[in-house]
J.: 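Take a look at the following structure, please.
For the single chain, residues carry numbers from 1 onward in sequence order.
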Amino acid sequence: QVQFVESGGGLVQPGGSLRLSCAASGSFFGLYAVGWYRQAPGKQRELVARITSSGSTYYADSVKGRFTISRDNAKNTAYLQMNSLKPEDTLVYYCNTVPIVTPAYWGQGTQVTVSS
């Protein structure tokens with residue numbers, strides 16, 4: 001079972017950048033596809049980016065061209081580089097496997113706030 005701890009969020013102005021980190025613990029990290037999700041209060045989680053074990057990437061249309069997902073299997077860590085941030089990106093961001101395995105473990109997430 002893989003568990004995740006997110007970090008790197010914070011307050012940034014519109015148009016600014018942040019880099020989120022996802023530290024994983026457990027076995028077989030390199031075998032999983034990893035995704036970044038975000039969730040507004042009372043809403044379902046949205047998959048915004050995914051990277052497979054072979055490096056194939058996916059991005060939601062809302063973030064395409066602005067966000068870049070990457071991973072370092074030697075460090076058991078995934079990253080999300082977020083550029084050209086918009087106020088609508090203000091959400092809590094989580095990382096997890098893609099697809100979600102059951103039972104799922106969710107970390108605390110990291111808050112991203114985009115405001116002037």
J.: How long is the span from the CZ atom in Arg19 to the CG atom in Asn83, to the nearest 0.5 Å?
T.: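 Rounded to the nearest 0.5 Å, the CZ-CG separation comes out at 12.0 Å.
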J.: Decide yes or no for Tyr93 and Glu6: does some side-chain heavy atom of the first lie under 4.5 Å from some side-chain heavy atom of the second?
T.: no
J.: Taking the side chain as every heavy atom from C-beta outward, state whether Gln111 and Thr90 have any atom pair closer than 4.5 Å.
T.: yes
J.: So, the side chain of Thr102 versus the backbone of Ala104: is there a donor-acceptor pair under 3.5 Å, distance only?
T.: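 No: the side chain of Thr102 does not pair with the backbone of Ala104.
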J.: Is Ile51 reachable from Tyr79 through a run of hydrophobic residues whose side-chain heavy atoms are each under 4.5 Å from the next?
T.: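 In one cluster: no.
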J.: Quick check: closest heavy atoms across Ala33 and Arg71, and the distance to 0.1 Å?
T.: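 Nearest pair, atom of Ala33 first, then Arg71: CA-NH1, 4.1 Å.
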J.: Would you name the heavy atoms of Gly30 and Ser53 that are closest together and state the gap between them?
T.: O-CB, 3.1 Å
J.: Check the hydrophobic clustering (I, L, V, M, F, W, Y; side-chain heavy atoms under 4.5 Å; chains of links allowed) and say if Ile100 and Tyr94 are grouped together.
T.: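 Yes, because Ile100 and Tyr94 connect within a single hydrophobic cluster, where side-chain heavy atoms sit under 4.5 Å apart.
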J.: Do Thr57 and Phe67 touch side chain to side chain, with heavy atoms closer than 4.5 Å?
T.: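 Sidechains of Phe67 and Thr57: no contact.
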J.: Check Gly9 against Thr110 and note the closest heavy-atom contact, atom names and distance.
T.: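 Result for this residue pair: N-OG1, 2.9 Å.
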J.: Roughly how far, to the nearest 0.5 Å, is OG of Ser56 from CD1 of Ile69?
T.: 10.5 Å
J.: Looking at Trp36 and Cys22, what are the two nearest heavy atoms and their distance?
T.: CZ2-CB, 3.5 Å
J.: Once you round to the nearest 0.5 Å, how far does CG of Leu47 lie from CG of Asn96?
T.: 10.5 Å
J.: Could you give the distance from CZ (Phe4) to CZ (Phe29), rounded to the nearest 0.5 Å?
T.: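 Answer for the CZ-CZ pair, Phe4 versus Phe29, is 6.5 Å.
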J.: So, do Thr52 and Tyr58 sit near enough that their side-chain heavy atoms are less than 4.5 Å apart?
T.: no
J.: Are Leu91 and Lys43 close enough that some pair of their side-chain heavy atoms sits under 4.5 Å apart?
T.: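 Heavy-atom side-chain distance check fails, nothing below 4.5 Å.
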J.: Measuring only between side-chain heavy atoms, which start at C-beta, is Glu88 closer than 4.5 Å to Ser62?
T.: no
J.: Is the charged tip of Arg66 near the ring of Tyr59: under 6.0 Å from the six-membered ring centre and within 45° of its axis?
T.: no
J.: When rounded to the nearest 0.5 angstrom, what distance separates CG in Leu18 from CD in Gln81?
T.: 8.5 Å
J.: Answer with yes or no whether the hydrophobic clustering places Val12 together with Val63; edges join I, L, V, M, F, W, Y residues whose side-chain heavy atoms lie under 4.5 Å apart.
T.: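 Hydrophobic grouping puts Val12 with Val63.
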J.: Using side chain to side chain contact (heavy atoms under 4.5 Å, CB included), reason through Val48 and Met82 one step at a time and then give a plain yes or no.
T.: CA-CA 11 Å; Val48 299; Met82 310 167 69; over 6 Å; no
J.: What's the spacing between Arg45 CZ and Arg38 CZ if we round to 0.5 Å?
T.: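 Arg45 CZ to Arg38 CZ: 14.0 Å, rounded to 0.5 Å.
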J.: Would Asp89 and Lys86 pass as an ion pair if we require N to O under 4.0 Å?
T.: no
J.: I'd like to know if the side chain of Thr113 pairs up with that of Ser115 as donor and acceptor (distance under 3.5 Å, no hydrogens or angles considered).
T.: no
J.: Does CD in Gln108 sit with more than 12 non-hydrogen atoms of other residues, nucleotides or ligands closer than 6.0 Å?
T.: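 Counting other residues, nucleotides and ligands, CD of Gln108 stays at 12 neighbours or fewer.
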J.: Do you reckon Val5 sits in the same ILVMFWY cluster as Trp106, going by side-chain contacts under 4.5 Å, direct or chained?
T.: no
